[in-house]
Amino acid sequence: MARTMRAVSSFMEMDKYFSFPTLSTSGHISHFADFLFLGKKKRSQKMMRKLRTTTVASLIFYNPVVETVAEKSVKLKILAEMTLRNPEIDYWEKMLRFLDNTDSSLKGLVFQLVSTHIDPRTMKANLSNEATLELPKINKTEGKQVFYKLEFQVDSNFGVPGAITVINKYQKELFLESVTIEGVVQFACDSWVQPDKIHPEKRIFFSNKQVYLPCQTPLGLKDLRDMELEQLRGDGKGVRKLSDRIYDYDVYNDLGNPDKGVEYSRPTLGGENCPYPRRCRTGRRPNNSDDNTESPVNEELPIYVPRDEALDESKTKAVDEGKLKGLVKNVIHKLSNVSTMMKSDSIKDFSEVNSLYKERSLLGVQTPIENWRRLPLPSILSKIPLSITEISKFDPPKGISRAASCCLRDEEFGRLTLRGLNPLSIERLKVFPPVSKLNPSIYGPQESSLREEHIVGYLNGMTVQQVRVCVTDHSFLLLLLAFSYCVFFPLFQSPLLLVNPRHFQALEEKKLFILDYHDIYLPFLNRINALGERKAHATRTIFFLNPLGTLKPIAIELSLPPMDMNSPSKQVVTPPVDDTSYWLWQLAKVHVCSNDAGAHQLIHHWLRVHACMEPFIIAAHRQLSVMHPVYKLLKPHMRDTLAINAQARKVLINAKGIIESYFSPGKYCLEITQSVYRDWWRFDLEGLPADLIRRGMAEPDPTQKHGLRLLIEDYPYANDGLLIWSAVETLVRTYVNYYYPEASLVQYDTELQACYNEFINVGHADVSHADWWPKLSTPEDLASFLTTIIWIVTAEHAALNYGQYHYGGFIPHRPPYMRKLMPSKGNGDFLADPQGHFLSSLPSLSETTYFMSVLDILSTHSMDEEYIGYRKDLSTWGGDPEIIEAFYKFSMEIKKIEKEIERRNADPKLSSRCGPGVAAYELLLPSSGPGVTGRGVTNSISM
């Protein structure tokens, strides 16, 4: 029985052993390589094809045979080429290396090949000898890479190299890019190898073409597969060193710094009382004043991310250049306005805002500073003031139409809800008046103060609610018709309304939409409005879908927490009829846009994309081997995210950080995201189709191309997004069905199930009990899950991030916070100078320029960005032509999508993206160059 179980276990590991004929020692090594690698490759391909059509039951009852080596083996030499990144070494380090007299036998990189096969006598993997690569003290290579040759010695029955181990005997870490054996077997390492004095365990790298489910792992690699995952999980203890490669979880207890004072104290996010996703654990020491919080990052102890997750040099350089550019602009602005700022930094006139930007006609034209070398000294001196002015100016944002008055036009307001920086908040109005879900005993009446009389005059002859009349007395009906005609005709200018009111009902005809920030902001308003120059309302905005297919704002409700039952806490503003109501309407719109800016940055961008995806990336590295097909698929989609999130905790979402300093909720920013996570976030509704249906923006319709019918046909984010969603879904389904032809392979994939369960039960532990978590039992379940993950980290993130400057860089349209509450119609100061009141409600000029610089940095693509449709690791699937073909088709589909989006942007019928003064919608154009382009769908959350 024991022998049978061992046999079953062996086959579940899916390895076969092959004996090789004795090769003459005088035979050329390439003959050995041809037999050893290429022959094996063909056999392996046949075996894998057969394997994928094999049921789990047949695996269990199959008794494998281990072939023994019949002939005596001989020793053979194998040639390998190692590629290392050429480090930048300063002069003093070169001198130290040259003068280093340490015994060379104690140095070097020690490599060892590991076969996919085991020795049937010892039941352990076949190994090569240990080969040491000694690097020259003085490296004269100028390029970014350095190449070295190394020889290994193996037995003729060694088998196929499936892994290579490395020990670094040097004092410093080295970046190993790749290893190639005999030009056939490749190891794409792309990893830092630490000195063995710091990390004594061997580093393990598997060959590119090893793609195995856990049950298919060759016996020679099984122990290494498990060992690698154990190294990545760590023990959950101690302070993480920057050289570590450990992925682990922790709560957000590192945002505050209570040792600096109570104003820097922040609640811990994560746990039963404050549900939140988990972050990557760093293990820094606790604060002196609070043992439950982690000490903040400082220069002596920079923030930890697993070593290979650290940002590449090009990404860091792009961020540093953006910081320098922003610093220069802000310093010059402050120096040039120092006399004005001593009195007041408030915006006095719209011309001050417009003067911050370069003239569009001069874009691309050389500025004087670029021509200095051609000018004589007196001319240079005369050009300095003009050059400084030019340096301090910003490129005009191209995502919005900027009028001289700086006020947001109604048409533009409606367009931006569908194609602006936040197209994820708009939803169909299903109940009128809108109803709150907040506790009425705390937050006042649940029903909105919006009434039909506020909006009925803007509905093109429609009513809001359906009118039903059921009478039998014809004389009464005639009287009712006559009365209705006299009352309603002046409002609608359409007596046809009385003939069949069912046809003119805006709610049932799905013509009313809403931006509803009431329940998100209201619980926090008393605390927000006590923060000095931070004033906010909780807003609701009603939009009407007009016959042109565009949205028109028709009413805005601005709420405050009720002070008492007698004081009004809600104010309704409608489109203007005179000068006073014009400025009230403009103020109401910017209050809405300020709410929207916070919802975009805090909820849709940070919470839904960055924070909620981090636990999955941690789980994937802890539970999925690099040989796992799901890991292989997702690898480029996890790049840089942990490092970006760590930087966010350091400078963006930390106490007194950029987010708290420049958005309305201030120190309560992250608490708002916590309440949304607790009450609203659901992973099963994060995919694009499910999200559109949840918001009432689409309805299932199998006759439509994507299985959905959009209620607003010209909805650029949804239209373009569905193209990308469909392409990703097709690729993922092909991929999943190839590796998981039947449900049992999903159910019995131990690594996959462990990853998914850990993602839910550890990464999202505080909501793990929810019944909405999808099951992972079939290939269809897996394809849906992976499609959602890829969608979020690619297209959804691109739509929310890379337009931040071009859609948010004109502050009068989209202020991150307001400095004054809405005035009443009888407010004397407002009536005396309504434009001045509007301008003084916006952030100051210095805050405006600083915030614009931040948006510029956050919107920047680096030089090494990787975009959707591009993969540099296709050699991984060299033995799986079906997968190569699937990736090729996906790449071609992405190119088609780019052409289709460009066609749409030139279609005059689509008024949300084409027309006089209307910018093209480019946020979901897949490709981009470096810089602040306002386009480009990156493969991952890389900024």
Side-chain angles (χ1 to χ4, degrees), residues 238-240 248-305 442 520-536 561 598-599 601-603 605-607 610-612 614-615 644-679 681 765-767 816-817 819 847 850-851 854:
V239 178
R240 295 272 68 86
D248 204 354
Y249 302 92
D250 208 343
V251 295
Y252 282 77
N253 63 349
D254 63 339
L255 301 179
N257 187 5
D259 290 353
K260 289 183 68 174
V262 66
E263 67 273 19
Y264 285 87
S265 181
R266 297 293 180 270
T268 293
L269 302 180
E272 184 178 353
N273 297 325
C274 216
Y276 213 67
R278 298 302 188 259
R279 63 170 174 90
C280 186
R281 180 182 178 276
T282 64
R284 293 194 302 274
R285 65 171 181 80
N287 284 293
N288 296 326
S289 56
D290 186 352
D291 289 343
N292 295 317
T293 61
E294 197 172 85
S295 57
V297 182
N298 54 54
E299 294 302 322
E300 292 76 30
L301 189 64
I303 197 162
Y304 166 80
V305 291
I442 300 175
I520 293 173
Y521 280 92
L522 194 68
F524 298 89
L525 284 185
N526 282 336
R527 287 178 283 173
I528 291 172
N529 290 333
L531 293 174
E533 288 194 338
R534 296 294 175 91
K535 303 300 175 186
Q601 196 68 266
L602 301 175
I603 297 169
H605 188 194
W606 166 253
L607 175 66
H610 284 260
C612 286
E614 181 159 348
I644 291 295
N645 285 3
Q647 289 298 315
R649 299 201 310 275
K650 181 179 179 180
V651 298
L652 288 178
I653 63 172
N654 60 311
K656 306 286 187 177
I658 291 171
I659 297 296
E660 288 191 3
S661 299
Y662 287 92
F663 286 89
S664 291
K667 62 190 290 187
Y668 307 108
C669 282
L670 270 289
E671 291 185 53
I672 286 181
T673 67
Q674 184 271 319
S675 67
V676 172
Y677 177 73
R678 178 193 62 211
D679 300 331
W681 183 83
D766 304 327
V767 294
Y817 71 90
R819 300 204 287 184
E847 291 168 328
Y850 185 90
F851 185 68
V854 171

Any side-chain donor near an acceptor of the partner, Arg279 and Asn253, under 3.5 Å: yes
Under the ring-ring contact (aromatic ring centres under 6.0 Å, His included) test, residues paired with Tyr521 that sit two or more places apart: none
Pairwise side-chain contact, Lys535 with Arg819, heavy-atom cut-off 4.5 Å (strictly under): no
Which side-chain N or O atoms in residues 524-531 pair as donor and acceptor under 3.5 Å with protein atoms at least two apart or in another chain?
unit_1, atom_1, unit_2, atom_2, d
Asn529, OD1, Ala536, N, 2.7
Asn529, ND2, Leu525, O, 3.3
Asn529, ND2, Ala536, O, 3.3

Separation of Arg649 CZ from Leu670 CG (nearest 0.5 Å): 11.0 Å
Any donor-acceptor pair under 3.5 Å from Arg284 side chain to Glu294 backbone: no
Phe663 ring center near Tyr817 ring center (under 6.0 Å): no
Charged N-O contact under 4.0 Å between Arg278 and Asp766: yes
Partner residues of Glu660 under the side-chain hydrogen bond (donor to acceptor under 3.5 Å, both in side chains) criterion, sequence neighbours left out: Arg266
From Asn287 atom CG to Ser295 atom OG, the distance as rounded to the nearest 0.5 Å: 6.0 Å
Test item: side-chain donor near acceptor, Ser289 and Asp259, under 3.5 Å: yes
Point-to-point distance, once rounded to the nearest 0.5 Å, from CD of Glu614 to CG of Asn645: 4.5 Å
Any donor-acceptor pair under 3.5 Å from Gln674 side chain to Cys274 backbone: no
Rounded distance (nearest 0.5 Å) linking atom CD of Gln601 with atom CD1 of Ile658: 10.0 Å
Heavy-atom check, side chain of Ser664 versus side chain of Arg534, under 4.5 Å: no
Thr673 side chain reached by Tyr668 side chain, heavy atoms, under 4.5 Å: no
Value rounded to 0.5 Å, distance of CD1 in Ile303 from CG in Asp254: 6.0 Å
Minimum side-chain heavy-atom gap Leu607-Tyr276 below 4.5 Å: yes
Distance (rounded to the nearest 0.5 Å) between Ile653 CD1 and Leu255 CG: 5.0 Å
Contacts of type ring-ring contact (aromatic ring centres under 6.0 Å, His included), residue Tyr304, not counting sequence neighbours: none
Results of side-chain hydrogen bond (donor to acceptor under 3.5 Å, both in side chains) for Asn257 - residues two or more places apart only: none
Any residue meeting side-chain hydrogen bond (donor to acceptor under 3.5 Å, both in side chains) with Asp250, in chain and number order, not counting sequence neighbours: none
